[in-house]
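Quick caveat, the model's predicted, so the values are computed rather than measured.
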Amino acid sequence: MWFPRIARLFTLAQLRLHIVDGLVSQHFPDLQFSAMSLNLGAKTVCNWHRDFKNLVWGVCAVGAFGRFNHRTSGQLLLREAKVIMEVKRGDVIYIPSGSLTHCNAPLRAGEERRSIACYTAGGLIRWVAQGHQQATGKSHMTKAEFKKYEMEGAQRWEDGWQLFCTLNELQAS
């Protein structure tokens, strides 16, 4: 696993949601993600988008299957990274879909492509981090409380990106 710290965060959040709130029923106990979408239309492709409800520094696992030529169609395009990826049927890729704008290249006539996406909503992570409750809205905070809340948000942002492995860690594994 190239994302062991993120996987641990997702797994612990699921356990806490299940134990404390009874919210998550683990249909796939060994899957770290809390949600899954099956895209079963015969020509599953997506337009440019960001999965803004996913955890912004989390990852999403996407698998492709069907009858298509991965060299000439259906590639994954990552706008900010300026990358075009050939994704063969059966491949599973991991991308930070909440922070990278992405889409698929169109399919050619007669081709079929379907996909499965596994992800974790940012709201679930926030819920757990906030003690299994909603964040108090700005209107219910003093100026000092809101300033502290904003500072903690900036720290959570930095802490979240630190969960990714460094190149040195990847090379050592």
Determine whether more than 12 heavy atoms belonging to other residues, nucleotides or ligands lie under 6.0 Å from atom NZ of K43. yes

Main chain of W48, side chain of T101: is a donor-acceptor contact present, judged purely on distance under 3.5 Å? no

Which class fits the ring pair F164 and W161: parallel under 30°, tilted 30 to 60°, perpendicular over 60°? parallel

Side-chain donor-acceptor pair under 3.5 Å between H49 and N47, yes or no? no

Within-4.5 Å side-chain heavy-atom neighbours: F33 and V59: yes

Going from CG on L163 to CZ on R8, what distance comes out if it is rounded to the nearest 0.5 angstrom? 8.0 Å

Does atom CD1 of I84 have more than 12 heavy-atom neighbours from other groups under 6.0 Å away? no

side-chain hydrogen bond (donor to acceptor under 3.5 Å, both in side chains) contacts touching residues 56-66 (sequence neighbours left out): none

Tell me whether the count of non-hydrogen atoms from other residues, nucleotides or ligands lying under 6.0 Å of CG in L38 goes above 12. yes

Considering all heavy atoms, the nearest T72-E111 contact: OG1-OE2, 4.4 Å

Report the distance from atom CD of E86 to atom CD1 of I93, rounding to the nearest 0.5 Å. 12.5 Å

Does atom CZ (R108) have a neighbourhood of more than 12 heavy atoms from anything else shown, all under 6.0 Å? no

Around atom CZ of R67, are there more than 12 heavy atoms from other residues, nucleotides or ligands closer than 6.0 Å? no

Hey, could you give me the CG/CD distance between L40 and E112, rounded to the nearest 0.5 Å? 11.5 Å

Please examine the side chains of L55 and I6, heavy atoms only from C-beta on, and report whether any two atoms are closer than 4.5 Å. no

After noting the C-alpha distance and the side-chain angles of V62 and Y119, does the key distance pass the side-chain contact (heavy atoms from CB on, under 4.5 Å) rule? CA-CA 9 Å; V62 181; Y119 51 93; over 6 Å; no

CG of D91 to CE of M85: how many Å apart, nearest 0.5 Å? 8.0 Å

Nearest 0.5 Å, please: how far is CG in L31 from SG in C118? 5.0 Å

Between L76 and I95, is there a side-chain heavy-atom distance shorter than 4.5 Å? yes

Given the rule that I, L, V, M, F, W and Y join up when any side-chain heavy atoms are under 4.5 Å apart, are L9 and M36 in one cluster? yes

When hydrophobic residues are tied together by side-chain contacts of less than 4.5 Å, even through go-betweens, does V83 share a cluster with L100? yes

Residues in side-chain hydrogen bond (donor to acceptor under 3.5 Å, both in side chains) with R16, at least two apart? none

Between A64 and V87, what is the shortest heavy-atom contact and its length? CB-CG1, 4.0 Å

Report yes or no: do Y94 and F65 belong to one cluster of Ile/Leu/Val/Met/Phe/Trp/Tyr joined by side chain heavy-atom distances under 4.5 Å? yes

Under the 3.5 angstrom rule, does the side chain of R113 hit a backbone N or O of T44 as a donor-acceptor pair? yes

Counting C-beta onward and ignoring hydrogens, is there a side-chain heavy-atom pair between R50 and V56 closer than 4.5 Å? no

To the nearest 0.5 Å, what is the distance between NE2 on H102 and CG on N104? 8.0 Å

